[in-house]
Undergrad: 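So that we are looking at the same thing, I have put the structure below in structure tokens.
Quick note on labels: first sequence line is chain A, next is B, and so on, each numbered from 1.
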Protein chains: 2
Amino acid sequence: MATARKPNGQSSGQASGTSSAGATIYSVAERAGVSIATVSRVLQGAGTVSTTTTQKVLDAVEQLNYVPLGAARSLAVRHHEAHGLILPELSGPYYAELLIGFESRAAELGQSVTLMLTEGKADIARAVRQLATHVDAIAVLGSAAMPPAVARALHGQKPVVIIAGAPQEGIESVRAENARSAEQLTEHVLAHGRTRLLFVGDPDGAPDISERHAGFVAAHRARDLEPAEPLRVAFREGTGEAVAERILAGELEADGLVCANDELALAIMSHLQDAGRDVPGEIAVVGWDDVMAARYVRPGLTTVRQPVHDLGVLAAERLHQRVSGGRPLLEPQVLPTALVIRGSCGCAAP
Amino acid sequence: MATARKPNGQSSGQASGTSSAGATIYSVAERAGVSIATVSRVLQGAGTVSTTTTQKVLDAVEQLNYVPLGAARSLAVRHHEAHGLILPELSGPYYAELLIGFESRAAELGQSVTLMLTEGKADIARAVRQLATHVDAIAVLGSAAMPPAVARALHGQKPVVIIAGAPQEGIESVRAENARSAEQLTEHVLAHGRTRLLFVGDPDGAPDISERHAGFVAAHRARDLEPAEPLRVAFREGTGEAVAERILAGELEADGLVCANDELALAIMSHLQDAGRDVPGEIAVVGWDDVMAARYVRPGLTTVRQPVHDLGVLAAERLHQRVSGGRPLLEPQVLPTALVIRGSCGCAAP
DNA sequence: CTGTTAGCGCGTTCAC
DNA sequence: GTGAACGCGCTAACAG
């Protein structure tokens with residue numbers, strides 16, 4: 001009855017009963033007195049195995065503390081059961097929330113997620129190729145994270161979905177609505193009687209920002225107002241302070257600031273307040289993202305909440321669909337956003 | 001000269017020159033007119049291959065857009081070149097920062113990272129086993145994330161390191177210093193003349209909190225003061241409000257709050273302020289973690305900054321050491337923390 | 001219900 | 001400098 005084994009090594013003579021560093025399906029089979037096929041069956045839940053045999057196998061697994069080798073399984077089934085997620089960085093709640101959504105949905109679908117952060121990587125293209133090696137499909141946040149060349153290379157090899165990035169060729173993309181919300185937000189500030197609004201953020205920096213700026217412009221046009229040129233600044237904390245300084249110095253004139261994100265808005269607002277300026281009295285400030293701090297500062301920051309979590313969920317879902325043979329969606333998937341009115345725009349709210 | 005091939009399928013007749021969905025090392029070899037051994041050599045940079053041959057291979061790789069199958073390589077080399085990271089959740093900057101440190105160091109070491117979030121998972125043990133299948137080693141944040149039973153099972157199979165969690169048996173652990181910093185922080189508030197301090201957080205909730213509470217107690221003892229019983233609350237936003245309400249109602253009496261983390265401190269502080277209380281005039285509030293909001297609120301939140309990023313780096317490093325055959329460290333690795341004094345403790349700072 | 005056997009794609013000795 | 005052949009551990013037909 002002893003089952004024959006092909007592979008090498010640790011046959012019977014392996015020390016005591018419990019624990020063996022590299023237990024394989026062969027050792028388990030031997031221990032249980034069955035064939036590897038049977039072991040595989042009970043572990044995969046496929047086929048039918050008698051209760052007694054099942055128990056014997058389970059016991060052997062337990063005793064040997066058997067951990068299947070994922071690589072071997074992946075090779076046999078011909079897919080990794082893993083999704084790759086490429087994020088530019090991980091600061092602030094935006095990326096984290098997206099990651100949470102992505103991971104949770106992926107897990108539900110039985111896929112593990114391999115994360116890669118591009119920030120700080122010397123050779124991103126190399127890292128992406130390395131990632132592609134271990135996963136079935138890849139989601140990238142913001143096109144900037146993945147050089148178009150790499151994207152093109154991957155595309156066709158593995159399913160790719162771009163999250164909140166510039167659409168490329170026939171690559172799928174999912175994103176949040178920006179233009180219309182930005183228009184509403186701007187109109188809201190305008191409706192408070194403000195007339196000299198400034199858009200703080202670089203429209204050329206990311207498609208998201210570009211759309212928000214477009215909304216900013218549209219709101220002005222609707223009132224026959226001429227929008228000022230955007231204040232093209234990057235997203236670092238220091239820049240917020242710098243903008244505030246320029247306003248305090250009278251270099252910049254405005255009675256309302258529409259910032260491309262909350263970090264920027266928060267930094268500017270607190271700096272202005274420290275200098276004795278009244279927000280929103282003298283100048284209204286609104287942001288984008290609804291980060292935690294937005295509801296703790298006073299006045300509360302009026303902003304726009306994005307369905308970031310759902311964006312992650314959607315990305316994971318699309319990837320899984322594609323891996324399962326689904327066709328790529330031609331149209332970008334767009335999720336709705338929501339205005340969050342607090343006090344910094346001039347409303348009575350705290 | 002045509003090389004023979006073992007595996008199936010797509011031999012010569014495969015459509016046009018470029019792109020083939022599932023290029024393998026065989027197709028590349030065939031295309032380059034060499035053996036798979038040679039292809040492997042140039043791709044791994046091992047052995048010596050003539051310049052011309054190397055170029056032929058590289059060209060073939062390029063044309064076929066060849067992406068090696070990680071699973072096959074892993075199976076052959078017998079390791080995944082991936083580290084697992086288990087986090088309870090991903091809210092706030094703490095986990096994100098840790099993840100960044102872990103990922104960046106892992107990447108430097110040529111390891112990809114597979115992330116798993118326990119929150120929301122029905123069967124954590126199952127998820128952990130699944131993860132173990134695809135990685136060489138695992139880091140867990142907080143023992144709560146991984147049932148001791150699972151930890152024990154994994155331990156011995158794969159290297160495991162616990163981050164900021166209760167040490168277990170012979171499992172390695174890395175963490176930040178807590179007790180002494182908490183004592184200093186508490187003493188600082190005490191030095192402001194406060195005498196009725198309250199520790200907000202559940203010492204039994206996590207070893208980190210337990211140590212901070214120990215420091216809180218130690219600071220009192222050093223002044224021959226009797227510390228009040230800790231206010232055992234969980235870490236949700238709602239609880240902060242609840243605590244504030246109890247203080248406002250006079251149910252709780254205190255002139256200083258030492259909170260187990262910033263989220264809690266922030267929520268309490270803003271709620272108190274909204275109700276007209278003077279912070280720190282009537283009551284001082286300090287936190288732990290130094291989240292972004294801590295420097296934007298007024299008064300700025302006095303707190304303790306942890307070397308979270310470095311904790312992640314260290315964990316990744318230890319894992320790699322272990323995978324490379326290094327011995328486990330017996331002593332827990334402890335990284336230093338730093339007090340961040342702002343205004344909420346009673347200091348003049350903004 | 002269970003065992004045999006043939007790959008999955010790649011790294012890696014050995015010969016040449 | 002290069003190729004042939006074997007094995008990594010597991011799944012999936014195919015027999016019985």
Undergrad: Check the distance between D:dG9's P and B:H80's NE2 and give it to me in whole angstrom.
TA: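 Distance, rounded to whole Å: 11 Å.
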Undergrad: How long is the line joining CD1 of B:I36 and C1' of D:dA4, in whole Å?
TA: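 From B:I36 CD1 to D:dA4 C1': 9 Å.
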Undergrad: Nearest to the side chain of A:R73, heavy atoms from C-beta on, is which of D:dG3, D:dC10, D:dG9?
TA: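 Of the options given, the side chain of A:R73 lies nearest D:dC10.
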Undergrad: Out of C:dT12, C:dG3, D:dC10, which has the shortest distance to the side chain of B:S40?
TA: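 Looking only at heavy atoms from C-beta outward on B:S40, the closest nucleotide is C:dT12.
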Undergrad: Looking at D:dG3, I'd like to know if its phosphate oxygens (OP1 or OP2) sit under 4.0 Å from a side-chain N or O belonging to B:S35.
TA: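 Answer is yes, contact under 4.0 Å.
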Undergrad: Taking OH from B:Y26 and C1' from D:dA4, how many angstroms apart are they, rounded to a whole number?
TA: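 Going from OH in B:Y26 over to C1' in D:dA4 covers 10 Å.
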Undergrad: Hey, can you pull the donor-acceptor pairs under 3.5 Å for the side chains in residues 159-166 of chain B, sequence neighbours left out?
TA:
none

Undergrad: Starting at atom CG of B:L69, determine the distance to atom P of C:dG11, rounded to an integer number of angstrom.
TA: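 One finds 10 Å between P of C:dG11 and CG of B:L69, rounded.
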Undergrad: Taking it one step at a time, do B:Q63 and B:R31 satisfy side chain to side chain donor-acceptor pair (under 3.5 Å)?
TA: CA-CA 9 Å; B:Q63 291 166 28; B:R31 177 81 121 142; 3.2 Å; yes
Undergrad: Which word best sums up how the rings of B:H83 and B:H320 line up, parallel for under 30°, tilted for 30 to 60°, or perpendicular for over 60°?
TA: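 Answer is tilted, since the angle falls between 30° and 60°.
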Undergrad: Walk me through it: do B:V67 and A:K158 pass the test side chain to side chain contact (heavy atoms under 4.5 Å, CB included)?
TA: CA-CA 9 Å; B:V67 177; A:K158 314 242 175 192; 4.2 Å; yes
Undergrad: For the side chain of A:R41 and the base of C:dG3, is some donor closer than 3.5 Å to an acceptor across the two?
TA: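 Pair found.
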Undergrad: With the side chain of B:Y66 defined as its heavy atoms from C-beta on, choose the nearest nucleotide among D:dA4, D:dA12, C:dC10.
TA: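 The closest nucleotide is C:dC10.
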Undergrad: Would B:L85 and B:I138 count as a side chain to side chain contact (heavy atoms under 4.5 Å, CB included) if you check the C-alpha gap in whole Å, the side-chain angles of each, and the deciding distance to 0.1 Å?
TA: CA-CA 6 Å; B:L85 177 59; B:I138 296 180; over 6 Å; no
Undergrad: Could you tell me how far apart B:E30 (CD) and C:dG9 (C1') are, to the nearest whole angstrom?
TA: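 In whole Å, C:dG9 C1' and B:E30 CD are 15 Å from each other.
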Undergrad: If I take atom CG in residue B:D136 and atom P in nucleotide D:dC8, what distance separates them, rounded to the nearest angstrom?
TA: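 In whole Å, D:dC8 P lies 18 Å from B:D136 CG.
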Undergrad: Could you tell me whether B:E103 and A:K121 have a side-chain N and a carboxylate O separated by less than 4.0 Å?
TA: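 Yes, this pair counts.
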Undergrad: Figure out the CD1/C1' separation between B:I25 and C:dT12, and round it to whole Å.
TA: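 Atom-to-atom, B:I25 to C:dT12, this comes out as 11 Å.
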Undergrad: What is the separation between atom CG on B:L75 and atom C1' on C:dG11, rounded to the nearest whole Å?
TA: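 Whole-Å distance recorded here is 10 Å.
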Undergrad: Taking salt bridge (charged side-chain N to carboxylate O under 4.0 Å, His left out) as the cut-off, I'd like each qualifying pair that reaches into residues 45-60 of chain A, sequence neighbours left out, listed once.
TA: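 As it turns out, there is no salt bridge (charged side-chain N to carboxylate O under 4.0 Å, His left out) pair with a partner in residues 45-60 of chain A once direct neighbours are skipped.
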Undergrad: For the side chain of B:T38, starting at C-beta, report the closest nucleotide among C:dC10, C:dT4, D:dG3.
TA: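 Selected nucleotide (nearest to the side chain): D:dG3.
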Undergrad: Which residues in residues 48-58 of chain A have a heavy atom closer than 4.0 Å to any atom of DNA chain C?
TA: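 Only A:T48, A:V49, A:S50, A:T53 qualify.
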Undergrad: Closest to the A:A72 side chain: D:dG9, D:dT11, C:dG9?
TA: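 It is D:dG9.
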Undergrad: On DNA chain D, nearest-nucleotide positions of B:V77 versus A:A76: which is more 5'?
TA: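 Result of the comparison: B:V77.
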